[in-house]
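Right, one structure below, let's go through it.
A quick note: this is a predicted structure, and the numbers were derived from the prediction, not measured.
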Amino acid sequence: MSLMKSGNHPIRTFFYALTVILLFSPAAFAASVTLAWDKPGGKSVAGYNIYYGLPGTNYKVSPVKVIKSANQKQIVIPNLEPGKEYLFSATSIDGSGSESDYSREISYKVPDPSNKDNSSKKQSGSPSNHTPVDPKKLPPQKPVLLGPENHKEFASGKKIRLETDVYSHPAGNVHAKSRWQIRRVDQKKPLYDVTSELDLAYHEAEASLESGLKYAWRVGVQDAESGLLSWSDEKYFIVGEKTEKDKALDIAPGQSRNEFKMISFVQWTPDSCPKKAFSPSMETDYSFGDYRIAVYDPELNGEGGYREYADFEVVPGKAYWVLARTGMDLSVEGVPVTTASDVFIPLEYNASAKNGWSMIAVPNDATYYWGNVEIVVHDEKGDILYGPMPIRQLSEDNPYMDKRIWEWENNGTDSYTAHESSSFQLEPYGGYWVKARAENVSLSFAYDMQVSLSNPKIMAAGWLNAGIDWIGEKLAPSTVFADSQSSGGSEEPPMP
């Protein structure tokens, strides 16, 4: 998908399956069902609207349920009348509030306990087994988080008060335990995991949370009867003080492809919202065609392609294409990413298409030698399977990633330069391409590997990198790759 085009660019439409599953009948004259769906591939999805009603009615006029989380993939619909047929549909909502088209419509007839013949009939969209489940053996209601949310910022050293709605169980089972977790957004495993037997709707987390990092939190509740744990969706907060950097990026005027520039951010910007990051520096609305802003997603449409403004999130460690007809002095507001801790950047990988291209960047305001950046491979639980291993020590045929890093030099050549030099420097606010060969691969930018002449460890690594580069140049000089529109199995990154 080329970015060289003009005209309006509406939010993409998401389609996904919606299934209906009978869970239980808590009362004689009411029934509940659970709607379950697959999360759309769009990374800017912020939530969903759920519509349902009786046939013959215009039930799609307004949503009955509004879900303000992209990660929630099911919801209980209570108080349905036995014997009635209901229609269900859903839409996804992006960060700017734009709504997708409706999903496939599902019909479901609620079984009528008073009609014995009804219990043996299969219902559209439902499983064949309608054996009622004992409500006491069901898990508690999924907790709903109240705060902090919307990427709220906290000063370093301040206790974080986590708040959720009151505990609830469909059969009234008493509360047994609550489990409160906090994790860094660049890591899967929680760094804070506390269990409480008190039935409280809040918890003050006494965790050593580092300034300059973004965190995700959630709560799980367990009842005494079923022993099952129900987890909430995640919400996010940031620790650190917001700053504003005026004219952090100077983007020269351009109209042709070779004038695209790869840029990145070293701050946690407000809500990770592209409009809040870019719009203040735009002279015209994006729809007028004076700007092209996009990021590559190897899973888009199953094969890979570009997500255009504002169908993506703005996060440190990710690079973005920008083309501005009259130029742009981009000012940035946000919490600067820490330089006092290792920061991890996950690489994307589409296993079905074997497409591992990622637009990456330095996540903080520091410079790194490419050979000193480390690779880490995790399992699905977040445990380390391989690494950390410096890029310079990887073998060429390793199964995790290509050792090369590609740069768009914006010099009018309409081509990429592939760097194999371990001493190649990655600069803040820049952008690069790398290619993963497997899932769950991350790059680690170690705090003690920032380029600094006063750091003996870096000096030693620099000499080692120079020696490796000298040997490498004798065996395989760097290559400049020509234009190509392919992405999955190609040996050069996709063109803008």
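Applying the side-chain hydrogen bond (donor to acceptor under 3.5 Å, both in side chains) test to residues at least two apart or on different chains, the pairs with a partner in residues 195-204 are Tyr192-His203.
Classified by interplanar angle (parallel below 30°, tilted 30° to 60°, perpendicular above 60°), the ring pair Trp180/Trp217 is parallel. Between Tyr86 and Phe88, the ring planes are tilted. Angles from 30° to 60° get that label. The aromatic rings of Phe237 and Tyr215 lie parallel to each other, their planes meeting at an angle below 30°, with 60° marking the opposite boundary.
Test Arg218, Arg183, Lys188 against Glu234 for salt bridge (charged side-chain N to carboxylate O under 4.0 Å, His left out) and you get one pass: Arg183.
A side-chain N or O of Trp433 and one of Tyr416 form a donor-acceptor pair less than 3.5 Å apart. If you check the side chains of Asp94 and Ser92, you find no donor sitting under 3.5 Å from an acceptor. Judged by distance alone, the side chains of Glu380 and Asn440 do bring a donor and an acceptor atom under 3.5 Å apart.
Salt bridge Lys381/Asp383: absent, no basic N to carboxylate O contact under 4.0 Å. By the 4.0 Å N-to-carboxylate-O rule, Lys136 lies too far from Asp223 to be salt-bridged with it. Contact check on Glu149 versus Lys68 returns no salt bridge, with no Lys/Arg side-chain nitrogen under 4.0 Å from an Asp/Glu carboxylate oxygen.
Annotation: salt bridge (Lys or Arg N to Asp or Glu O under 4.0 Å) contacts of Asp379 (sequence neighbours excluded): none. Applying the ring-ring contact (aromatic ring centres under 6.0 Å, His included) rule to Tyr236 yields the partners His151; only residues at least two apart in sequence or on another chain are considered. In this view, Tyr349 satisfies the ring-ring contact (aromatic ring centres under 6.0 Å, His included) rule with no residue, not counting sequence neighbours. Residues forming a side-chain hydrogen bond (donor to acceptor under 3.5 Å, both in side chains) with Ser230 (at least two apart in sequence, or on another chain): none.
The aromatic ring centroids of Phe278 and Phe265 lie less than 6.0 Å from each other.
For the pair His419/Thr417, a side-chain contact is recorded, criterion being any heavy-atom separation below 4.5 Å from C-beta on.
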Atom pairs and distances, donor-acceptor, side-chain atoms in residues 159-166, under 3.5 Å, two or more places apart:
residue, atom, partner, partner atom, Å
Lys159, NZ, Glu206, OE2, 3.3
Arg161, NE, Glu163, OE2, 2.9
Thr164, OG1, Val144, O, 2.9
Asp165, OD1, Val144, N, 3.1

